[in-house]
Amino acid sequence: MSTNGALPVVPPVRGKDQVGKDETGDGEGSLQVHMDVPEETQGAMILAIYGKGGIGKSTTSSNLSAALALKGKRVLQVGCDPKHDSTFTLTRTMIPTVIDTLAEVDFHAEELRPEDFVHEGYAGVMCVETGGPPAGTGCGGYVVGQTVKLLKQHHLLEDTDVVIFDVLGDVVCGGFAAPLQHAERAFIVTANDFDSIFAMNRIVAAIKAKSKNYKVRVGGVIANRSNATDQVDRFTSRVGLDTLQVVPDLDVIRRSRLSKCTLFEMEGDSPELEAARNAYLALADAVLAKPGGQDVSPLGDAEIFNLLGFD
Amino acid sequence: MELTIWTYEGPPHVGAMRVATGMKDLHYVLHAPQGDTYADLLFTMIERRDHRPPVTYTTFQAQDLGGDTAGLVKEATQAAYERFRPQALLVGASCTAELIQDDPGNLAGSLGLPVPVIPLELPAYQRKENWGASETFYQIVRTLCLPHAPPPTWRRPPPEGRRPVCNLLGPTALGFRHRDDIREVSSLLDRMGVDVGVVAPLGASPADVARLGEADFNVVLYPEVGRTAASWLKRTFKQPMVETVPIGVGATRDFVREVAGVAGLDADGALEAVTTRLPWYSRSVDSNYLTDKRVFVFGDATHAVAAARVASEEMGFKVVGLGAYNREFAREVRAAARKLGVEPLITDDYLEVEEAIQEAAPELVLGTQMERHIAKRLGTFCAVISAPVHVEDFPARYSPQMGPEGANVLFDTWVHPLMMGLEEHLLGMFQDDFEFGNDRSPSHLAAARPSSTNGRAAEAPPESEDLGKEGATVAASTPAAPDGAAPEAGEARATSTSAPTPAGTELVWDDEAQAELRKIPFFVRKKARRNTEAFARQQGLTEISVETLYEAKAHFGSR
């Protein structure tokens, strides 16, 4: 496999390797934090998991990563949350974040080696936690950009099949949107309730905005902790989204987090556990089939209230 | 990025050139303006190679920038392929061309040439030469070896019924003693019962690189260039990597043990392959006369760390400073410095290095060509242990740094300057002996003897004195003045005493002042002389006494 074949479509502007200052128009002596123009990423399928805070993105991401790894894929999961516990159930430990590691070398990124910030978890899933700036300061997008740059410079995206960005839920800022510049598909985790569907609508809007300049598209919806999906279905059929997988509200999923592991490492073989595992294995298949991809338009606020708000 | 007049490392495309130039049947198309072609000279002048680097420059000019520079890349690539018919092509941009963002790798890839086209993306404003070499070698290895990669579940069988085979990874063109190291390490491995499969990049063709995966393990001779590729080969081809760099006796023995472990050989038996003259030195009566000499070490991390170990553990020197210019390997330097109890110096600013050397006041500097210059300025002795290199680092004789013979070379190279230092010291000690007086002739033969008392007057003007030629040596190296010449010189001086402040006038140091001047450490003596004479001229003096010397000191000291 030589690298001179067809390459993924890259955005026309590619200032990625210049230090920001010269080309960003900040002016002499001024340096603003800018969004990194994405590194051109080859080979790996890059996915981002979005959703309202607390909806279960990390649980979904970790179990999806584990399921993909068990299907023979080389998986890299990147937790993009200052809480840095996205990969906790894969590694069973709080791994040091990229920002912590960078701080140790006084932000001389060239001193870092992959083993400093990539930690192997269950089933060989490679785990990275970007960490984040102190609350209320800095920019999460910068952190994501630095992490992607590191992953690329250390060739970690070349020998990987699937990269999953587990994005922070509660903050809407550059950090929220940064993974969309690198991902080809964004998946939205929701539950069958108004708040999380309202958040989903906003995420759809963000993806639509980004897709003007980047290759990112909505991949589909994952209905989490949902025994019924009537509300979700009403929204998705209205805007034209597909629900890839419904993960029922099973107590074994909550217990797996408490025992610090993914469902696949849980002891026992109850039918409940089996069902939960199968849900994620099915989700892995659905993701690998490269679902979605069409342009999806969000609803206006009034529309979504009318659709779901006053039942 | 900062502007500087000198750097330890060039931009990353120079690293790519070092890889390409070291290899055979590979060609590098470099999108670069005309000025960037100067880099060819590094290889032809410094390394004295028998051919120019296999690099085609697109050499765009200012007027091309308004037109189609991208087209230029395609034309140059096509033409280079047709002319040189390489087995593979590297395509990338120099630091200058990176700014115009033509993406030469993709452009060249779209030509559909029948050989692998390896695009290089070397961020010139973030990374440097060693990284560029490492990245280039990695991309070559990955592109050429991936088609031969085994499935991920494959396990490498141990070598049975045959000699184990290893590759040597990392040597490049323009490397510090790489060609001799390869020979030395290969012969050491051979004595151990290990064969060398491929040496790369230096001397390898793309076809050779493609069969790297066939060896049982890899030896990373130069981690700065070879480690990224070696760790990919480890992951992909399950080849263990030997990471000890065999510089010095101790490290060579560690290397042999590591190789024996990886190759499944008996380590004790293998150690017999290491024969060294270290015991000869250790047992010599005078073996401790250089003990605790103060040594400052700076270079690329691998060579610096190795040199610090040899200096402290094998020569008995005291390491008073340790540093490296390449941040990628800063952690090894920090660890070594911690062990030696010195503050690690990680910088690519040679002025900072000079300051640190001044501060540490070493008796010997082990460094790069830049430290050689620094040491010269400071009047300290120096031996070169690392790139960046100069012509003299490509000696005609066999002169490795690695393996048993490398250890011998290190001993000679480092100890000789210190012996010169001892001579210097002896000269200082005995310079007042009657036998070495300045009025003595350079020879004991009567015929060469100068006409008695005016010997001193015939002494060369102070400007001509050089380091190490103070005192007795000055007298000794001054050609004996023919009869008659000396009195003339004396007369000339006598007439000049009636002076205001004429610029060309020769100043006379009286005996006492001369003696006082010699007490000043030799590396600042020249400056003291210059300052004192400047002061004397300013004061309208023609003779310098001890008082003048101290007045001058006070004058310059108070400013």
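Quick note: numbers below take in every heavy atom, side chains included, and nothing from hydrogens, waters or symmetry partners. Bear in mind that the values here come from a model prediction, so they are computed numbers and not experimental data. Residue numbering restarts at 1 for every chain, and letters A, B, ... go by the order of the sequence lines.
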I'd like to know whether NZ of Lys71(A) has more than 12 heavy-atom contacts from other residues, nucleotides or ligands below 6.0 angstrom. yes
Atom CZ in Arg331(B), atom CG in Leu112(A): separation rounded to 0.5 Å? 7.0 Å
Between the side chain of Arg113(A) and the main-chain N/O of Glu328(B), is any donor-acceptor distance below 3.5 Å? yes
With rounding to the nearest 0.5 Å, note down the distance linking NE2 in His155(A) to CD in Glu135(B). 3.5 Å
Counting N and O atoms only, with roles assigned by atom type, does the side chain of Arg235(B) sit under 3.5 Å from a partner on the main chain of Asp159(A), one being a donor and the other an acceptor? no
Out of curiosity, Arg127(B) CZ to Glu110(A) CD, how far, rounded to the nearest 0.5 Å? 5.5 Å
Under 6.0 Å from the CD atom of Glu82(B), do we count more than 12 heavy atoms belonging to anything else shown? yes
Engaged part of Asp116(A) at the chain B interface, taking heavy atoms whose separation is under 4.5 Å: side chain
With rounding to the nearest 0.5 angstrom, report the CD to CD1 distance, Glu111(A) to Ile346(B). 6.5 Å
What part of Tyr138(B) gets within 4.5 angstrom of chain A, counting heavy atoms only: side chain, backbone, both, or neither? side chain
Toward chain A, the part of Thr228(B) with a non-hydrogen atom under 4.5 Å: side chain
